[in-house]
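What follows is a set of notes on a single structure, which appears directly below.
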Amino acid sequence: MSKHKVKSAGAPVRIVMKTSRYEVAASLFDAVFHQQYEPMEPQPVSPAEELLMGIMEDDLDEDGFFVKPNDPDVIRARNEGRKSDAVETLDLVTEGTLTRLRDPETGEETVTVAYDESELTGMEGSRTTVIFRTDEKDLVHMIRSGMVTTAMTFKAHHRAICTYETPFMPFQIGIHSLVVDNRLMEDGVLVMDYIIEIRGAKAERTRMEMRVDPA
């Protein structure tokens, strides 16, 4: 049995997160949306729509980034073998809990990984919980509560609209997931690659890698 298959509820874990993000030439609030801008379940995105947005598999480099960002310095830096200042990176190590709950009637198992945000992420006072079912691990939910509140959904080649509640005002957020590689229960790793856009602001390409180990 993998050491990551923790049986007890609320088992303490060590969480290592690496996040990279930068602006991309894409908009999730444009003509490709035929639905009303309301919170919704993830909707599949066809290869043709992704092509219209400039998303192609060949556009990904060895680091999993678009090769067509808004900022040309990203491309120049990559060609010159250096890191661009346009790419924001964040490394975070924190403690949290991993909980496994099984429905006695259906047998469905739900896994949650929860941790408190810090000043590093700019969301101090909030708690983040990553949730998925083991029989549908390619569908991942991320719930934040506290100073900011939201429920985001990630499924590869799907988009969703959610609401981000802040102490100032609510914002609509579009999420277009490209990769959801969930191996948390096999080797303790979750990788998500997605475009996220606050309505009225620039879209960002974000790549997040979470590693979870027993504390």
Side-chain angles (χ1 to χ4, degrees), residues 17-35 37 39-40 42-43 45-92 117-124 126 128 130 140 142 144 147-148 150-166 168-181 190-210:
M17 295 186 63
K18 296 183 177 182
T19 305
S20 300
R21 65 185 183 183
Y22 65 94
E23 292 181 0
V24 294
S27 176
L28 305 181
F29 292 98
D30 59 15
V32 299
F33 268 129
H34 300 294
Q35 301 93 348
Y37 297 136
M40 64 182 185
Q43 303 295 315
V45 182
S46 69
E49 284 183 274
E50 291 193 336
L51 186 61
L52 288 173
M53 294 179 66
I55 300 171
M56 294 181 287
E57 185 175 354
D58 292 342
D59 284 343
L60 307 185
D61 67 8
E62 64 273 11
D63 297 319
F65 283 124
F66 273 146
V67 296
K68 297 179 180 177
N70 280 355
D71 193 332
D73 182 61
V74 177
I75 295 177
R76 288 198 299 269
R78 184 176 295 112
N79 293 338
E80 296 170 4
R82 61 180 175 84
K83 180 180 290 186
S84 169
D85 292 336
V87 179
E88 297 181 23
T89 60
L90 174 66
D91 294 341
L92 175 67
E117 297 287 352
S118 68
E119 291 183 5
L120 287 176
T121 63
M123 292 178 288
E124 186 179 16
S126 299
T128 295
V130 176
V140 175
M142 183 179 291
R144 287 199 174 104
M147 291 296 293
V148 296
T150 190
M152 298 179 286
T153 300
F154 304 86
K155 185 177 178 66
H157 304 292
H158 284 65
R159 72 167 67 92
I161 298 294
C162 66
T163 301
Y164 206 82
E165 300 281 352
T166 73
F168 309 102
M169 63 181 297
F171 298 93
Q172 284 185 322
I173 291 182
I175 299 172
H176 183 146
S177 300
L178 300 171
V179 174
V180 177
D181 181 13
L190 169 65
V191 177
M192 296 198 300
D193 193 347
Y194 54 93
I195 301 169
I196 186 167
E197 178 184 359
I198 297 175
R199 191 177 185 189
K202 294 285 188 179
E204 289 185 333
R205 176 73 178 273
T206 301
R207 181 179 178 86
M208 184 200 80
E209 179 179 331
M210 172 189 287

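Below, each value reflects all heavy atoms present in this structure, side chains not excepted, and no hydrogens, waters or symmetry copies. Note that the structure is predicted; figures quoted are calculated from it, not measured. The residues of the chain are indexed from 1 along the displayed sequence.
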Leu178 and Met192: CA distance, side-chain angles, deciding distance, side chain to side chain contact (heavy atoms under 4.5 Å, CB included) verdict: CA-CA 8 Å; Leu178 300 171; Met192 296 198 300; over 6 Å; no
Glu209 vs Leu190, side chain to side chain contact (heavy atoms under 4.5 Å, CB included): CA-CA, chis, key distance, verdict: CA-CA 6 Å; Glu209 179 179 331; Leu190 169 65; over 6 Å; no
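Side-chain contact check for Ile196 versus Met152: some heavy-atom pair is nearer than 4.5 Å. Side-chain contact between Ile195 and Thr206 is absent, with no heavy-atom pair separated by less than 4.5 Å. Within the 4.5 Å cutoff, side-chain heavy atoms of Leu92 are placed close to those of Ser118. A 4.5 Å side-chain heavy-atom check between Cys162 and Ile175 finds at least one atom pair inside the cut-off. Side-chain atoms of Met208 and Val191, non-hydrogen and from C-beta on, never get closer than 4.5 Å to each other. Counting only heavy atoms from C-beta outward, the side chains of Val140 and Val130 approach each other to under 4.5 Å. Put simply, the side chain of Phe154 reaches to within 4.5 Å of the side chain of Met142, judged on heavy atoms.
For Glu165, there are no salt bridge (Lys or Arg N to Asp or Glu O under 4.0 Å) partners two or more places apart in sequence or in a different chain. Every residue two or more places apart in sequence or in another chain was checked for a salt bridge (Lys or Arg N to Asp or Glu O under 4.0 Å) with Asp91, and none qualifies. Considering only residues two or more places apart in sequence or on other chains, His157 meets the side chain to side chain contact (heavy atoms under 4.5 Å, CB included) condition with Glu50. With sequence neighbours left out, the salt bridge (Lys or Arg N to Asp or Glu O under 4.0 Å) criterion links Glu117 to Arg144. Taking Tyr164 as the reference, nothing meets the ring pair (Phe, Tyr, Trp, His ring centres under 6.0 Å) condition, with sequence neighbours excluded.
To the nearest 0.5 angstrom, Glu204 atom CD is 6.5 Å from Glu23 atom CD.
Atom CE of Met147 sits in a sparse spot, with 12 or fewer heavy atoms from other residues, nucleotides or ligands closer than 6.0 Å.
Closest heavy-atom contact between Ser20 and Thr89: OG-CG2, 3.5 Å.
Although no hydrogens or angles enter the test, the distance criterion places no donor-acceptor pair under 3.5 Å between the side chain of Thr163 and the main chain of Gln172.
The residues Arg21 and Glu88 are annotated as salt-bridged, a charged nitrogen and a carboxylate oxygen being separated by less than 4.0 angstrom.
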